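Structure record follows, encoded as C-alpha cells.
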2 protein chains.
Amino acid sequence: MATSTRSNAGTKGVARAVREQQIVDAACRAFGESGFAATSVADIAEAAGISKPLIYNYFGSKEGLYAACLHHAAGTLTAEIERTAASGTVGLARAIVTLDGMFRTLEPQPWIWRLVNDSTAAREGAIGAELAKYEQRIFTFGHDGVAELMQLAGNDDARDLSAMHAAWESTFRALVTWWLDHPGETPEQMTQRCVRLFSTVFGQIDTSALTAP
Amino acid sequence: MATSTRSNAGTKGVARAVREQQIVDAACRAFGESGFAATSVADIAEAAGISKPLIYNYFGSKEGLYAACLHHAAGTLTAEIERTAASGTVGLARAIVTLDGMFRTLEPQPWIWRLVNDSTAAREGAIGAELAKYEQRIFTFGHDGVAELMQLAGNDDARDLSAMHAAWESTFRALVTWWLDHPGETPEQMTQRCVRLFSTVFGQIDTSALTAP
DNA sequence: CTGATATGACTCACGAGTAAGTTACCACAG
DNA sequence: CTGTGGTAACTTACTCGTGAGTCATATCAG
C-alpha cells in the first residue's frame, strides 16, 4: 500500500524489434493522417498502446521516429516505382503503369502518401537525409521519361527540362491526391480514368502493358 | 525614478488604419517566408516595429491576423486573375496570359504565393472562410478552360473533369513554384518558357495576346 | 478628462524530453 | 530445484522551454 501500483511495467516483455515495428506502424498512421507538426509523441504512444519514454528509448527523438517512418514509407513507394520501371514499359504507357502501381500500393495504407509529402516536417538532420535519399531514387525515373518527350519535340534546353519535370511530378501527385480525396474509387477505375485523361491531352495510348497483371 | 521608464508608450499616435496596414505588410512577408506555424506573433511585432499586445488589440488572435493577410494576398491574386480573364483570350493562350499575369504580380512580393498555399495553417474559422472565398472565386476560371478542352475531346464525364481540373491547377502551381525557386528569371523569360513547354505538349500556340501589354 | 495609441511584464497550456524506479525473465552457482 | 544477480522491457511523474494570449499602466491629442 505504501508504494503506488506501477500497473504493468515490464510485464509485457515484447521483443524490441517487434515493438519498434508496432510503434512505427502506429506512428506512420498518426503522422500521415495529422501531419508531423500536429501529431504529439504522446498521441502516438497512446495509439501504439505503450508509454512515451519507450519511444524515446528506441528512437531518440520525435525526429528520429519520423525518420524511421519515412524510411519505411518511402522504401515501400520507391520499391514499387522501381518494380514498375523494371517492367520495361516506355513513354506514356510507363506513366500509366507507374500510376497504377502507386494506386495499388497505397490502397491498404493510404496515409503513407501524405507522410512522404508532408511539408510540416523540417528538412534537416535525419529527416532531411531520408527525404533526400528517397527523392534521389525517384528523380531519375520521371526525369528520363520527360527528357524523352522533350527530345522527340526537339527541345534540349536544360531549364525547360527541369521545369517540365516539375510540372510532371506535380501532375502525378495531383492525380494520386485526387484519388485519395475520392474514396470508393478502386485502383482499376482510377487507372482507367488516367488513361482517358492522358488520351485527351496526348491522343491514343497503348495500354497493353496493363492487361497482364 | 520610482516607476519604470515605459519608453515610448502611446507617443507615436499612428492612426489605426495605417498601423493595421503596416502590420499586415510585415506579417504577409513573415508568414509567407516561414509559414504560419513557424512564425510567432512576437517575430511579426518586431518586424513591424511595434509590440505584441497591439497586434492582439487590432486583430484579436494569430488566426485573425493571418486571415487579414490572406484577405490582402488572395485579393491581389484573384484581382489579377479576373483582370486577365476579362481580356477575352480563350484556350491555351488564356492559360499563358494568366501565368504571365501571375509572374508579373508576384515579382515585387513573391512571398504572398506561399502565404496563400500554406498548408501549416488550419482550415477553420476565419482562415478557412477566407480561403474558401478565395478558392471559390478562382475555381470557375480554371474549370471553364478545362471543360472546354474536355468537350473538344468528346469527354463529358464529371469526375474526369474534376480530376483533370485538379491536374491543371497543380501544374499551374508547379510552374509558379519553379519560377520562384529559380530567381533571376524575369517574368517575360518565364512566360516564354511556358509557351515552349505548352507547345511541346499541345503543339503550336497563338501568342498574339501577349505582345500588346 | 476622456479615449485612442501603445507597451513591459506577466500567466498559462502544451508538448518535447528526462530521471528514477518497477517488473519479468534468464543464466548460473550451490 | 532453489536462490541470486544481471539485464531488457516498461512506466509514473516529473522538468523545462516556448509561444499564445492578457493585464495593468503610460503617453498624448483634442
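What you see is a predicted model; the values in this text were computed from it and never measured. Lettering follows sequence order; numbering is per chain, from 1.
- The side chain to side chain donor-acceptor pair (under 3.5 Å) test applied to A:E82 returns A:R137, not counting sequence neighbours.
- Between A:F172 and A:W168, the two ring planes are perpendicular [angle over 60°; tilted spans 30° to 60°].
- Candidate nucleotides C:dA9, D:dT12, D:dC10 were compared by shortest atom distance to the side chain of A:P53, and D:dT12 ranks first.
- Contact check, B:R19 against C:dA6: a side-chain N or O comes under 4.0 Å of OP1 or OP2.
- Rounding to whole angstrom units, CD of residue B:E20 and C1' of C:dA4 are separated by 13 Å.
- Spacing between atom CD1 of B:I23 and atom C1' of C:dT5 amounts to 11 Å, rounded to whole angstrom units.
- Whole-Å rounding puts the A:I127 CD1 to C:dA16 P distance at 12 Å.
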Output a table of nitrogen or oxygen pairs between the protein and nucleotides 17-20 of chain D separated by less than 3.5 Å.
unit_1	atom_1	unit_2	atom_2	d
D:dA20	OP1	B:K62	NZ	3.0
D:dA20	OP2	B:V41	N	3.1
D:dA20	N7	B:K52	NZ	3.4

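- Contact between A:P108 and A:P110 at its shortest, heavy atoms only, is C-CD, 3.6 Å.
- Here the nucleotide nearest the side chain of B:S51, chosen from D:dT11, D:dC10, C:dT7, is C:dT7.
- When rounded to the nearest whole Å, the span between CZ of A:F59 and P of C:dG17 equals 14 Å.
- Between A:R104 and A:E188, at least one side-chain nitrogen of the basic residue sits less than 4.0 Å from a carboxylate oxygen of the acidic one, meeting the salt-bridge criterion.
- A:Y66 places its OH atom 14 Å from the P atom of C:dA16, with the value rounded to the nearest Å.
- Scanning both residues, B:P183 and B:L180, for their nearest heavy atoms gives CD-O, 4.0 Å.
- One atom, CG of B:N57, and another, P of C:dG8, lie 14 Å apart when rounded to the nearest Å.
- Nucleotide C:dT7 holds its P atom 13 Å from the CD atom of B:E46, rounded to whole Å.
- Per the geometry, CD1 belonging to A:I44 stands 12 Å off C1' belonging to C:dG15, to the nearest Å.
- B:R193 pairs by the salt bridge (Lys or Arg N to Asp or Glu O under 4.0 Å) definition with A:D157, A:D160, B:E185, not counting sequence neighbours.
- The aromatic rings of B:F103 and B:W179 are tilted relative to each other, their planes meeting at an angle between 30° and 60°.
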